[in-house]
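Just below is one structure, and these are the notes that go with it.
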Amino acid sequence: MTYLAENRRRLRRSLVAAARELTVANGWDGVRMADVAAAVGVSRQTVYNEFDGKPGLAEAVVAAEVERFVATVRAALFEHGADVRAAARAAIHAVLVEGAADPLVRAILTGAPDGGLLPYLTTDGGMVLAAAGAVIREWAAEFVPEAGGDRLDAAADAVVRLTVSHLMLPAAPPGPTADALADDFVRLLAD
């Protein structure tokens, strides 16, 4: 990686981290590009140049958070290998517990439903579905290759959507929810 590319990567990472902190403190609607710039020590125009406006910054903040959660899911799945139920339960439980404790997730869930970051989890949740589905397919290819194809894709899509739904509006504590959703995942793979 060239020196300039590395500097740009560090700048983007710093800007996203600053936007994350400001979102936690003020909600997404309270985040101003000038405040993000000031937190990092660059001009407001630099932030606009990097992200092409606040929607681009929002997408970058959500992408970084999704990447962090996907790493958690990957670790949980691979730790349990071919034990489908245990792997699914561990991944779901980790997401529910970490999501409930994560200040950015709380800020997203309590923010403005139309102008905040919530649409990235709901109506525009393709990033979440794609990233989570990819890691589930990666795990399955290694440990349960017979579960591949359309059946796996449908099961992964359903369990990710249900997990996000329970993260947004918990119906029970994480343990029982993870148990139920893991059972659903196993049934979906068997059908």
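Summarising the geometry of T72 relative to A94, their closest heavy-atom pair is CG2-CB, 3.6 Å, with the distance given to 0.1 Å. A pairwise comparison of heavy atoms in L77 and A88 identifies CD2-N, 4.2 Å as the closest pair. In plain terms, the two heavy atoms of L167 and V95 that are nearest each other are CD1-O, 4.1 Å. Residue I92 comes nearest to A178 through the heavy atom pair CG2-CA, 3.7 Å, listed as atom of the first residue, atom of the second, then distance. The two residues V66 and A131 come nearest to each other via the heavy atoms CG1-CB, 3.6 Å. The two residues A141 and P145 come nearest to each other via the heavy atoms O-CB, 3.8 Å.
Residues forming a salt bridge (charged side-chain N to carboxylate O under 4.0 Å, His left out) with D52 (at least two apart in sequence, or on another chain): none. Every residue two or more places apart in sequence or in another chain that forms a side-chain contact (heavy atoms from CB on, under 4.5 Å) with H166 is listed here: L96, A171, T177, L181. With sequence neighbours left out, the side-chain hydrogen bond (donor to acceptor under 3.5 Å, both in side chains) criterion links R44 to no other residue. With sequence neighbours excluded, the residues that form a side-chain contact (heavy atoms from CB on, under 4.5 Å) with A5 are M1, T2. Shown here are the salt bridge (charged side-chain N to carboxylate O under 4.0 Å, His left out) partners of R85, two or more places apart in sequence or in another chain: D179, D183. Take F78 and apply the side-chain contact (heavy atoms from CB on, under 4.5 Å) test, not counting sequence neighbours, and it matches R74, E138, W139, E142, F143.
Atom CG of N49 sits in a crowded spot, with more than 12 heavy atoms from other residues, nucleotides or ligands closer than 6.0 Å.
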(message) I'd like to know whether F185 forms a side-chain contact (heavy atoms from CB on, under 4.5 Å) with I136, so could you lay out the CA-CA distance, the side-chain angles of the two residues, the decisive distance to 0.1 Å, and finally the verdict.
(response) CA-CA 11 Å; F185 184 66; I136 292 168; 4.1 Å; yes
| said: If you apply the rule side-chain contact (heavy atoms from CB on, under 4.5 Å), what do you find for R161 with V164, and how did you get there? | reply: CA-CA 5 Å; R161 289 174 188 272; V164 170; 5.9 Å; no
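Taking 4.5 Å as the limit, some side-chain heavy atom of D184 sits within range of a side-chain heavy atom of R187. Taking 4.5 Å as the limit, some side-chain heavy atom of V42 sits within range of a side-chain heavy atom of V47. You'll find the side chain of V40 stays beyond 4.5 Å of the side chain of T46, heavy atoms only. Counting only heavy atoms from C-beta outward, the side chains of E59 and F51 never approach each other to under 4.5 Å. Annotation: side chain of R13 is not in contact with side chain of V16 (no heavy-atom distance under 4.5 Å). Put simply, the side chain of V31 does not reach to within 4.5 Å of the side chain of D35, judged on heavy atoms. V70 is not listed as a side-chain neighbour of R68, based on a closest heavy-atom distance of 4.5 Å or more.
M168 and V97 end up in different hydrophobic clusters when Ile, Leu, Val, Met, Phe, Trp and Tyr side chains are linked at under 4.5 Å.
Of the possible polar contacts, none joining the R151 side chain to the L188 backbone as a donor-acceptor pair under 3.5 Å is found.
Atom CE of M127 is separated from atom CD of E65 by 11.5 Å, given to the nearest 0.5 angstrom. For the atom pair L11 CG and E50 CD, the distance stands at 5.0 Å (nearest 0.5 Å).
For R20 and D102, the salt-bridge test passes: some basic side-chain N is under 4.0 Å from an acidic carboxylate O.
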